[in-house]
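Working notes for the structure below.
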Amino acid sequence: MIFKLSRRAAIASLAALFVASGFVASSSAQDKMTFRLATSGSETDQRSIAMAEVFAPMVAGFADYQPGYNGTLFAQGTELEAISRGNLEMSIASAQELAQFFPEFSIFATGYVHQDAAHQVRVFNDALMDPFKQKVEDELGVKLLSVMYLGRRQVNLRQTKDELTVKTPADLAGVNLRMPGTDAWQFLGKALGASPTPMAFTEVYTALSTGAVDGQDNPLPTVVDAKFYEVTKQIVLTSHLVDLNYIAFSKAVWDKLSPEQQITVQRAADAAAAVGRLRQLEKEASLASFIESQGVEIYEPDVAAFRDHVQAQYTDSEFASSWPEGVLERINMLGK
Ligand code: KDO
């Protein structure tokens, strides 16, 4: 008999397997640590679900995992500093946020550099990342445990396609595009040809519904999770950034863990990232028809025109001058 698991069942069994193998170290209830994680994502975001369903039970022997969703613990962009100051244990951090402290991280936030989810993982696990990780650990007191897949960012606008059809970067001229509030994000918005407006993720739905901005960029699973399809009319499949987040962990807390507990935390982070990645990829591949059924048109622009324009903007930028010699070439070599 051929025993066939559906893809969803396979991911669920993988999660269960990780959890079952995770109970390595345990402590009595009263000396359990607390791992608070700050994220702007919702409770139903795949990264949040993976952390709650995989990471939390794997560390439960010695730590209580306490997530704060929707920016309730710390506002978007302030989490790394909170960890650094000893006010927070964990966050879901972006390369763009790290670039605020270490400009060279902008290489991982640059349009059309990462090719897909597997490429992100190869880059994160390659020796090229070691000096990046070490610097964050030494100078910020933050350990980057694992890389999470957020997805391909697409341009999502309030205007109908009849009102504005976007084929090339020139068509985005004057479009007030919300981008998250750091220099690297704003630069990407400009590189796309738009007029970027900085804004925290938690404000975006309201800004779209009132018309304070013309659009935003995020992967399809986020468009659905945050219900942006209710307040926008088109998605332009620019795929300008295969976006990632890092599971960031306090170095001070890490140093208090026993070697066994450290191994468990590392495994739990890797397992949560792996399960979240599979689920996010599945969502990304299957959500277009639901979004279209909500009255949002989805179409491809001239992606080569966007790629060329974006890459040209970065070539002579101050960001590119902060990238260590040879790293871009090494990242490209790890691609397809
Ligand atoms: C966003 O603000 O658009 C963004 O997608 C940026 C990501 O780096 C990440 O912070 C994400 O928001 C939040 O986790 C909410 O999904």
Side-chain angles (χ1 to χ4, degrees), residues 94-96 106-123 149-180 184-196 213-224 228-229 232-244 277 280-292 296-317 319-320 323 328-329 331-336:
S94 66
Q96 293 83 350
S106 61
I107 199 165
F108 309 116
T110 294
Y112 300 106
V113 166
H114 283 116
Q115 297 173 4
D116 53 29
H119 188 205
Q120 286 178 349
V121 175
R122 284 196 294 276
V123 169
Y149 181 66
L150 184 56
R152 294 174 184 276
R153 293 182 84 96
Q154 318 292 3
V155 171
N156 175 208
L157 303 174
R158 291 181 80 236
Q159 291 96 327
T160 62
K161 195 179 172 211
D162 281 347
E163 289 164 341
L164 172 65
T165 303
V166 179
K167 284 286 173 202
T168 68
D171 299 319
L172 285 177
V175 168
N176 183 1
L177 188 69
R178 173 273 170 180
M179 300 289 288
W185 280 119
Q186 295 298 299
F187 189 87
L188 180 59
K190 279 200 201 97
L192 285 169
S195 302
V213 292
D214 295 322
Q216 66 91 30
D217 83 305
N218 256 297
L220 299 188
T222 306
V223 170
V224 172
F228 294 151
Y229 60 82
T232 56
K233 287 287 176 208
Q234 62 166 296
I235 293 177
V236 191
L237 296 172
T238 45
S239 295
H240 51 273
L241 185 68
V242 182
D243 205 10
L244 57 78
R277 180 178 309 113
Q280 191 80 336
L281 282 165
E282 194 179 61
K283 278 194 172 282
E284 195 170 38
S286 65
L287 286 175
S289 51
F290 168 75
I291 296 173
E292 283 170 335
V296 177
E297 282 189 271
I298 303 183
Y299 62 99
E300 265 200 25
D302 180 346
V303 176
F306 272 99
R307 183 182 295 113
D308 290 349
H309 190 262
V310 167
Q311 286 177 342
Q313 307 300 304
Y314 278 94
T315 305
D316 297 321
S317 69
F319 289 113
W323 301 344
L328 184 60
E329 292 72 17
I331 293 174
N332 289 337
M333 271 175 56
L334 292 167
K336 284 183 203 136

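Because the structure is predicted, anything quoted here is derived from the model rather than measured.
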Partners passing side-chain hydrogen bond (donor to acceptor under 3.5 Å, both in side chains) against Thr222 (at least two apart in sequence or in another chain): none
Smallest separation among heavy atoms of Val175 and Ala194, with atom names: O-CB, 3.6 Å
With sequence neighbours excluded, residues passing side-chain hydrogen bond (donor to acceptor under 3.5 Å, both in side chains) with Trp185: none
Under 3.5 Å side-chain donor-acceptor pair for Gln96 and Ser106: no
Non-neighbouring partners of Arg153 that pass side-chain hydrogen bond (donor to acceptor under 3.5 Å, both in side chains), sequence neighbours left out: Asp217, Asn218, Asp243
Atom of Asp214, atom of Gly174 and distance for their closest heavy-atom approach: OD2-O, 4.0 Å
With Phe290 via ring-ring contact (aromatic ring centres under 6.0 Å, His included) - residues at least two apart: Tyr229
Minimum-distance pair of heavy atoms, taken over all atoms of Ser239 and Tyr112: O-CE2, 3.4 Å
Sub-4.5 Å side-chain heavy-atom contact between Val121 and Arg277: yes
Close side-chain approach of Tyr299 and Leu237, heavy atoms under 4.5 Å: no
Where Trp323 and Thr110 come nearest, the two heavy atoms and their spacing: CZ2-OG1, 3.1 Å
All side-chain hydrogen bond (donor to acceptor under 3.5 Å, both in side chains) counterparts of Gln120, not counting sequence neighbours: none
Salt bridge (Lys or Arg N to Asp or Glu O under 4.0 Å) pairs, two or more places apart, involving residues 156-172: none
Pairwise distance CD(Glu284) to CG(Leu220) - rounded to 0.5 angstrom: 6.0 Å
Val224 and Lys283, any side-chain heavy atoms less than 4.5 Å apart: no
Side-chain heavy atoms of Ile235 within contact of Phe228, under 4.5 Å: no
Gap separating the OG atom of Ser195 from the CZ atom of Arg178, nearest 0.5 angstrom: 15.5 Å
Separation between CG of Leu241 and CE of Met179, rounded to the nearest 0.5 Å: 8.0 Å
Side-chain donor or acceptor of Gln280 paired with backbone N/O of Leu150 under 3.5 Å: yes
Residues that His309 engages under side-chain contact (heavy atoms from CB on, under 4.5 Å), provided they are two or more places apart: Pro169, Gln313
Straight-line distance of Glu297 CD to Lys233 NZ, nearest 0.5 Å: 9.5 Å
Pair listing, salt bridge (Lys or Arg N to Asp or Glu O under 4.0 Å) test, anchored in residues 113-123, at least two apart: Asp116-Lys336
Inter-residue atom distance Thr238.OG1 - Asn156.CG, 0.5 Å rounding: 10.0 Å
Residues that Phe187 engages under ring-ring contact (aromatic ring centres under 6.0 Å, His included), provided they are two or more places apart: Tyr314, Phe319
Side chains of Pro221 and Val223 in contact at under 4.5 Å (non-hydrogen atoms): no
Smallest separation among heavy atoms of Thr232 and Leu157, with atom names: CB-O, 3.3 Å
Rounded distance [0.5 Å steps], NZ in Lys190 versus CG in Leu192: 12.0 Å
Heavy-atom check, side chain of Leu164 versus side chain of Gln234, under 4.5 Å: yes
Non-neighbouring partners of Ala312 that pass side-chain contact (heavy atoms from CB on, under 4.5 Å), sequence neighbours left out: none
Student check: side-chain heavy atoms of His119 and Val113 closer than 4.5 Å: no
With His240 via ring-ring contact (aromatic ring centres under 6.0 Å, His included) - residues at least two apart: none
With Asp302 via side-chain contact (heavy atoms from CB on, under 4.5 Å) - residues at least two apart: Thr168, Ala304, Ala305
